[in-house]
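Let me begin by presenting the structure, written as structure tokens, before commenting on it.
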Amino acid sequence: MKLVRYGPAGREKPGLMDSGGNVRDLSGVAPDIGPDELSPTSLDAIRAIDAEALPVVQGPVRFGPPVRGTSKFIAIGLNFADHAAESNMPVPTEPVLFMKAPSCIQGPHDEVMLPKDSVKTDWEVELGVVIGAMARHVEARDAVHFVAGYLTVNDLSEREFQLERGSQWDRGKGCDTFGPIGPWLATTDEIPDPQNLDMWLEVNGRRMQTGNTRTMVFGVADLVSYVSRFMTLLPGDIITTGTPPGVGLGMKPPVYLRAGDEIRLGISGLGEQRQRVTAFRLEPAPASRRAEPSTSR
Ligand code: ZN
């Protein structure tokens, strides 16, 4: 099942992608796609519905983040050995953990805005894991039962803020618009093996990243287990699992994003994102900063 949220930023409705690629309106069935809808029981209830009987959403739609209510957007650094090498950093013996501010989350095709005074904004295609059930100290062999599904993430990163301004990476990872997710959340039944997914990213039509999740240092199950030892994972939380080589930082000389660039990226089975890069501006606030509806549960 491929779950989406569509409509204007902050006012998205729940939907699903049918087998023909149409968006079907789920709002008569579920109030949203958020923490309350991600449990195995709730997903089974949605799965039991005849998708063909749901209304087709007409016309071009904006895709929002396919999950609402993410309390933690957790990221894993240097999880591909060849990416660690291009970053001039050792392959970690234990996962590198950092946080992306949940306020950076936005739809898959929303504009990416360069931070104020940024000259080193970079791209990273990544597999995102969406938590479906509260997870505390879970074993890797049980981890899949705590996962609702998977989605494509662009882990945008400002390398100067990340690496040249102190010891923590977080300040270069959570800037507004730095967390495009989607277009859809593929539930685990769609992705039986998350460790064999092709990943790619292009900037202005030029292929930059080509990888596969099979070369991760720590796999999805190990990462869910690992993170759950340090913090309680809640439904809607996202763990983004690291990027293969081909980031701008690793080029000789480095190449960074500029206003007007176009990024395209995707992961097999998880759909494609496309973002136009814009210069910094204070107003209007980007899609990621627009208020969520206060009327949602
Ligand atoms: Zn990353």
Side-chain angles (χ1 to χ4, degrees), residues 72-101 104 115 118-129 131 135 137-141 143 147 150 152-175 178-179 193-201 203 207-231 233 237-257 263 265 267:
K72 295 187 289 301
F73 192 2
I74 301 146
I76 308 299
L78 308 175
N79 200 30
F80 286 74
D82 30 14
H83 171 59
E86 73 174 348
S87 305
N88 286 316
M89 296 199 209
V91 176
T93 53
E94 187 165 340
V96 172
L97 212 58
F98 62 91
M99 305 294 273
K100 286 177 77 71
C104 78
S118 165
V119 292
K120 296 185 179 178
T121 295
D122 203 348
W123 54 84
E124 297 190 345
V125 58
E126 302 197 3
L127 172 67
V129 180
I131 299 297
H137 296 275
V138 302
E139 300 291 335
R141 65 174 177 273
V147 173
Y150 306 97
T152 301
V153 175
N154 189 356
D155 176 20
L156 287 143
S157 306
E158 215 297 342
R159 301 301 186 192
E160 184 198 340
F161 300 177
Q162 177 191 352
L163 301 169
E164 301 170 32
R165 303 285 290 274
S167 62
Q168 299 292 325
W169 291 9
D170 301 29
R171 63 172 70 73
K173 293 286 194 170
C175 307
F178 271 24
D193 181 8
Q195 303 307 151
N196 188 20
L197 303 176
D198 289 326
M199 323 165 70
W200 59 273
L201 182 144
V203 178
R207 179 64 69 100
M208 298 296 194
Q209 294 189 275
T210 304
N212 187 290
T213 56
R214 81 171 75 87
T215 64
M216 283 183 182
V217 179
F218 303 98
V220 167
D222 284 328
L223 291 172
V224 171
S225 170
Y226 181 83
V227 177
S228 80
R229 288 192 245 155
F230 301 99
M231 61 194 87
L233 292 170
D237 285 356
I238 299 170
I239 303 174
T240 189
T241 57
T243 202
V247 300
L249 171 72
M251 315 248 156
K252 295 188 178 36
V255 175
Y256 295 112
L257 293 167
I263 315 169
L265 60 147
I267 298 180

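- When every heavy atom of Ile76 is checked against every heavy atom of Phe98, the shortest pair comes out as C-CE2, 4.0 Å.
- Although no hydrogens or angles enter the test, the distance criterion places no donor-acceptor pair under 3.5 Å between the side chain of Asp198 and the main chain of Asn212.
- Of the candidates Leu223, Asp237, Val224, Val153, Val129 forms a side-chain contact (heavy atoms from CB on, under 4.5 Å) with just one, namely Val224.
- With values rounded to the nearest 0.5 angstrom, Glu164 atom CD is found 11.0 Å from Arg159 atom CZ.
- When every heavy atom of Ser228 is checked against every heavy atom of Ala135, the shortest pair comes out as CB-O, 3.8 Å.
- Once rounded to the nearest 0.5 Å, the distance linking CZ of Phe230 with CG of Leu97 reads 7.5 Å.
- Residue Gln195 places its CD atom among more than 12 non-hydrogen atoms of other residues, nucleotides or ligands, all under 6.0 Å distant.
- Closest approach of Phe80 and Gly242 over heavy atoms only: CE1-O, 3.3 Å.
- Without hydrogens or angle criteria, Lys100 side chain to Phe178 main chain gives a donor-acceptor distance under 3.5 Å.
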**Study point:** side-chain hydrogen bond (donor to acceptor under 3.5 Å, both in side chains) between Gln162 and Ser157, worked out
**Key:** CA-CA 7 Å; Gln162 177 191 352; Ser157 306; 4.5 Å; no
Practice item. Evaluate side chain to side chain contact (heavy atoms under 4.5 Å, CB included) for Val96 paired with Met89, printing each intermediate quantity in order. Key: CA-CA 11 Å; Val96 172; Met89 296 199 209; over 6 Å; no
Check your understanding: Where do Leu156 and Leu257 land on the side chain to side chain contact (heavy atoms under 4.5 Å, CB included) test, with the steps shown first?
Key -> CA-CA 10 Å; Leu156 287 143; Leu257 293 167; 3.8 Å; yes
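- In this structure Val91 satisfies the side chain to side chain contact (heavy atoms under 4.5 Å, CB included) test together with Ala81, Ala84, Val217, sequence neighbours excluded.
- In plain terms, the two heavy atoms of Ala143 and Ala221 that are nearest each other are CB-O, 3.6 Å.
- In this structure, the side chains of Met231 and Ile74 come closer than 4.5 Å at one or more pairs of heavy atoms.
- The backbone N or O of Val247 lies less than 3.5 Å from no partner atom in the side chain of Asp122, so there is not a single donor-acceptor pair.
- In this structure, CD1 on Ile131 lies 4.5 Å from CD1 on Ile239, to the nearest 0.5 angstrom.
- In this model, a donor atom of one side chain and an acceptor atom of the other lie less than 3.5 Å apart for Glu126 and Thr240.
- To the nearest 0.5 Å, atom CG of residue Leu127 and atom OG1 of residue Thr243 are 11.0 Å apart.
- Scanning both residues, Glu158 and Val119, for their nearest heavy atoms gives OE2-N, 3.3 Å.
- Here the side chains of Ile267 and Tyr150 are not in contact, with every heavy-atom distance at 4.5 Å or above.
- Distance alone, capped at 3.5 Å, places no donor-acceptor pair between the Asn79 side chain and the Met216 backbone.
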Check your understanding: Does the side chain to side chain contact (heavy atoms under 4.5 Å, CB included) test come out yes or no for Leu249 and Leu163, once each step is laid out?
Key -> CA-CA 11 Å; Leu249 171 72; Leu163 301 169; 4.1 Å; yes
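- Counting all heavy atoms, side chain and backbone alike, Pro244 lies closest to Val125 at CD-O, 3.4 Å.
- In terms of modelled atom types and a separation under 3.5 Å, the side chain of Trp123 and the main chain of Gly246 share a donor-acceptor contact.
- Here the side chain of Asp82 pairs no donor or acceptor atom with the backbone of Pro245 at under 3.5 angstrom.
- Side-chain atoms of Glu160 never come within 3.5 Å of backbone atoms of Ser118 as a donor-acceptor pair (strictly under, hydrogens ignored).
- One distance of note links CZ of Phe218 with CD of Glu94; it measures 7.5 Å at 0.5 Å rounding.
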Review point. Given the rule in the side chain to side chain contact (heavy atoms under 4.5 Å, CB included) test, do Lys173 and Glu124 qualify, once you have shown the distances and angles that lead to the verdict?
Key: CA-CA 11 Å; Lys173 293 286 194 170; Glu124 297 190 345; 3.3 Å; yes
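- With hydrogens and angles disregarded, a donor-acceptor distance shorter than 3.5 Å links the side chain of Ser225 to the backbone of Val138.
- For the atom pair Trp200 CH2 and Thr152 OG1, the distance stands at 9.0 Å (nearest 0.5 Å).
- Two residues are said to be in side-chain contact when any heavy atoms from C-beta on lie closer than 4.5 Å; Ile238 and Phe73 meet this criterion.
- Between the side chain of Arg165 and the main chain of Arg171, no donor-acceptor pair closer than 3.5 Å is present.
- Under a 3.5 Å cut-off, the side chain of Thr213 and the backbone N or O of Pro194 do form a donor-acceptor pair.
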